[in-house]
Participant: 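One structure, pasted below without further comment.
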Amino acid sequence: MQKDMPKVITRFAPSPTGFLHIGGARTALYNWLYARRHNGQFLLRIEDTDRKRSTDEAVAAILAGMSWLGLDCDGEAVSQYAQAERHKEVALKLLADGKAYRCYATSEELAELRSKARDEGKPFLGDVWRDKEPDAETAKRPYAIRIKMPREGEVTINDEVQGNVTVQNKELDDMILLRSDGTPTYMLAVVVDDHDMGVTHVIRGDDHLNNAFRQYQVYAAMGWSVPVFAHIPLIHGPDGKKLSKRHGALGVEEYAEMGFVPEAMRNYLLRLGWSHGDDEIISTQQAIEWFNLENVGRGPARFDFDKLDNLNAHYMRTMNSETILSLVKNELEIYTGDKLAEIEIQRLLAAMPSIAERAKRLPDVVEAASLYCNTRPLKLTEKASATLSGNGPMLVELAEKLLSVSSWKSDQIKEAIISYATAKELKLGKVMQPIRAALTGGLPSGDLTDLLEILGQQESYDRLLDQANT
RNA sequence: GGUCCCUUCGUCUAGUGGCCUAGGACGCUGCCCUUUCACGGCGGAAACACGGGUUCGAGUCCCGUAGGGAUCACCA
């Protein structure tokens with residue numbers, strides 16, 4: 001970085017009209033990564049100028065989602081609505097400078113003009129009052145303030161993701177800056193806030209690319225420097241359709257509830273639309289070192305649960321036992337209906353690496369972990385019942401045999417089982433399978449003798465006898 | 001409909017004119033490991049949307065076509 005380059009300042013600016021959805025989460029992540037990469041600042045601004053649709057719950061959900069994802073912002077979240085006076089001041093300045101004008105058109109008139117323009121295949125400019133003075137009567141009516149867009153020339157934005165994009169100025173509508181009730185619109189507010197907050201890089205969804213050209217004119221009219229733009233493609237559902245609320249767009253807290261861990265989510269979101277050669281597993285630390293805008297893809301990407309699952313499984317395998325246990329403890333206690341006893345915790349800690357290796361999501365861990373809790377008698381799966389069928393007498397013999405093992409260690413246990421199988425001239429599998437079924441009820445588990453060791457001699461004995469009559 | 005954007009295996013992607021017989025990952029699948037389920041290892045099937053150019057040479061550059069997407073509010 002050159003020493004006189006301005007410090008990088010990025011921002012995430014969601015509107016609080018719902019949860020933090022997956023696309024927003026990725027936008028936030030990219031902004032955060034970019035700021036961290038360049039030792040800059042990552043700001044959060046709540047775009048709440050639409051008073052009717054903004055809610056405190058949504059603000060809370062967004063904050064919670066970001067904190068779950070581990071995206072810390074610099075400074076407090078800023079409310080856009082709180083800056084309304086400042087926005088108004090800018091609109092009035094533009095009006096005074098002759099770069100904006102009063103518009104007395106009613107929404108009915110506008111709607112009619114709009115549909116007419118569309119029918120004629122022409123852009124709707126909204127400029128009926130652009131060069132018109134109101135008569136005495138009209139001047140008493142409420143008016144909105146619209147920007148006076150240039151009608152000549154073109155503007156090229158060098159988007160960091162989309163490349164050079166050019167739009168003819170005559171396509172730009174005289175958008176409203178200040179509504180007739182005196183409140184600022186988003187188009188005005190974003191520009192003023194981004195400028196006031198010193199935002200240097202605007203990284204946001206592709207759906208704003210068109211807006212960039214309109215906003216550019218506000219910067220120009222105020223004589224402000226234009227930030228770097230980077231419009232990242234949207235995320236689509238697994239079927240290729242746009243994600244909407246009724247179509248797979250879930251809030252991040254729902255992914256948390258489904259049992260995904262933040263590390264996996266970050267990695268997944270990072271790779272969805274961005275790449276670093278063939279690298280797939282990328283730690284957050286590594287991502288901060290590598291992230292750039294050039295390698296963001298240009299096309300929309302589909303959301304794929306299988307890949308997220310794979311990443312989630314990977315990150316769970318790399319976590320230590322205490323961490324995973326703390327993540328599932330509550331759910332596990334609800335699942336078994338009981339507080340975890342010390343002996344159960346000890347068993348779980350010992351078994352956790354083996355449990356995590358087999359799980360894709362946290363609920364899988366809960367289920368597998370329940371094996372190590374005192375939940376006798378176990379419920380059997382159909383397959384387990386079939387395995388156990390007719391083996392009652394053998395289970396009794398095995399239970400007694402195991403009770404005589406003097407040192408309850410995996411290898412000793414294995415020895416005992418092998419000696420039993422040898423004496424009975426049975427294949428090892430014929431003995432192991434029923435034991436496993438009796439101990440687990442059919443749930444997946446790791447090495448059988450490890451399982452026996454962790455469960456303890458008495459619990460193992462009891463579980464074998466539980467199934468002796470089947 | 002106007003404007004703008006996009007298009008490599010089913011999915012995420014590598015690829016910046018010769019290293020491409022197109023690579024990796026997920027998913028699918030064969031084999032190995034194994035007391036189950038996993039993990040892991042070794043394989044397999046699977047893509048440059050189409051048509052024209054430019055070039056000695058194109059997945060890579062240009063132009064069309066088709067398909068997809070975004071946007072066109074006194075919402076953000």
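Chain naming here is simple, since letters A, B, ... match the order of the sequence lines and numbering starts at 1 in each. Values reported hereafter were calculated over all heavy atoms of this structure, with side chains retained and with hydrogens, waters and symmetry mates removed.
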Participant: Would you kindly give the CG-to-P distance between A:Asp119 and B:rG1, to the nearest whole Å?
Facilitator: 13 Å
Participant: Say you pick atom P in B:rG23 and the same atom in B:rU35; how far apart are they, in whole Å?
Facilitator: 37 Å
Participant: A:Asp447 has a side chain; which of B:rU35, B:rU3, B:rA76 sits nearest to it?
Facilitator: B:rU35
Participant: Across all strands, who's sitting opposite B:rU3 as a Watson-Crick or G-U wobble pair, both distances under 3.5 Å?
Facilitator: B:rA70
Participant: When you match A:Glu120 and A:Met187 each to their closest nucleotide on RNA chain B, which lands nearer the 5' end?
Facilitator: A:Glu120
Participant: Please determine whether a side-chain nitrogen or oxygen atom of A:Arg114 lies at a distance below 4.0 Å from atom OP1 or OP2 of B:rA73.
Facilitator: yes
Participant: Output the rounded distance in Å from CD1 (A:Ile176) to C1' (B:rA76).
Facilitator: 14 Å
Participant: Using whole Å, report how far CG of A:Asn312 lies from P of B:rC12.
Facilitator: 20 Å
Participant: Rounded to whole Å, how long is the line connecting atom CE of A:Met149 with atom P of B:rC72?
Facilitator: 13 Å
Participant: Measure from the side chain of A:Pro123, starting at C-beta and using heavy atoms only, and say which of B:rG2, B:rA76, B:rA38 lies closest.
Facilitator: B:rG2
Participant: Under the 3.5 Å rule, do the base of B:rC37 and the side chain of A:Arg358 count as making a donor-acceptor pair?
Facilitator: yes
Participant: Scan every strand shown for a Watson-Crick or G-U wobble partner of B:rG27, both distances under 3.5 Å, and answer none if you come up empty.
Facilitator: none
Participant: Could you tell me how far apart A:Phe305 (CZ) and B:rC12 (P) are, to the nearest whole angstrom?
Facilitator: 15 Å
Participant: Could you give the OH-to-P distance, from A:Tyr216 to B:rC4, as a whole number of Å?
Facilitator: 17 Å
Participant: Considering only B:rC4, B:rG27, B:rG24, which nucleotide approaches the side chain of A:Leu209 most closely?
Facilitator: B:rC4
Participant: Whom does B:rC61 pair with, Watson-Crick or G-U wobble, provided both distances fall under 3.5 Å?
Facilitator: B:rG53
Participant: Below 3.5 Å, does any donor atom in the side chain of A:Asp207 face an acceptor in the base of B:rA76, or the other way round?
Facilitator: no
Participant: Quick one: does NZ or CZ of A:Arg141 land under 6.0 Å from the six-membered ring centre of A:Tyr104, within 45 degrees of the ring axis?
Facilitator: no
Participant: Both distances under 3.5 Å, Watson-Crick or G-U wobble: report the partner of B:rA38, or none.
Facilitator: none
Participant: Please state whether the base of B:rC37 and the side chain of A:Ser445 form at least one donor-acceptor pair under 3.5 Å?
Facilitator: no
Participant: Give a yes/no on whether any side-chain N or O of A:Ser354 is located under 4.0 angstrom from OP1 or OP2 of B:rA38.
Facilitator: no
Participant: Before giving the answer on side chain to side chain donor-acceptor pair (under 3.5 Å), spell out for A:Tyr268 and A:Asp304 the whole-Å C-alpha distance, their side-chain angles and the decisive distance to 0.1 Å.
Facilitator: CA-CA 9 Å; A:Tyr268 179 70; A:Asp304 179 19; 5.6 Å; no
Participant: Checking side-chain contact (heavy atoms from CB on, under 4.5 Å) for the pair A:Asp206/A:Gln162: CA distance, chi angles, key distance, verdict?
Facilitator: CA-CA 9 Å; A:Asp206 208 5; A:Gln162 305 293 342; 3.6 Å; yes
Participant: Under 3.5 Å, is there an N or O donor on one side and an acceptor on the other linking the side chain of A:Arg436 and the base of B:rU35?
Facilitator: yes
Participant: Starting from C1' on B:rU3, measure out to CD on A:Glu171 and report it in whole angstrom.
Facilitator: 5 Å
Participant: Verify whether one side chain among A:Arg271 and A:Ser275 offers a donor that lies under 3.5 Å from an acceptor in the other.
Facilitator: no
Participant: Assign A:Ala105 to base, sugar-phosphate, or nothing according to its heavy-atom contacts below 4.0 angstrom with the strands shown.
Facilitator: base
Participant: Quick one: A:Asp206 CG to B:rU3 P, roughly how many Å, whole number?
Facilitator: 18 Å
Participant: If you assign each of A:Lys414 and A:Gly299 to its closest nucleotide in RNA chain B, which residue comes earlier from the 5' end?
Facilitator: A:Gly299
Participant: Any chance the rings of A:His208 and A:Tyr186 have centres within less than 6.0 Å?
Facilitator: yes
Participant: A:Asn210 side chain: which of B:rU35, B:rU71, B:rC6 is closest?
Facilitator: B:rU71
Participant: Considering only side-chain heavy atoms of A:His236, which listed nucleotide, B:rU35, B:rA76, B:rG69, is closest?
Facilitator: B:rG69
Participant: For a quick check under 3.5 Å, do A:Thr284 and A:Arg266 share a side-chain donor-acceptor pair by atom type?
Facilitator: yes
Participant: For B:rC74, does either OP1 or OP2 sit under 4.0 Å from a side-chain N or O belonging to A:Ser107?
Facilitator: no
Participant: Does a side-chain N-to-carboxylate-O contact under 4.0 Å join A:Lys360 and A:Asp309?
Facilitator: no
Participant: Could a donor-acceptor pair under 3.5 angstrom be found where the side chain of A:Arg118 meets the base of B:rG1?
Facilitator: yes
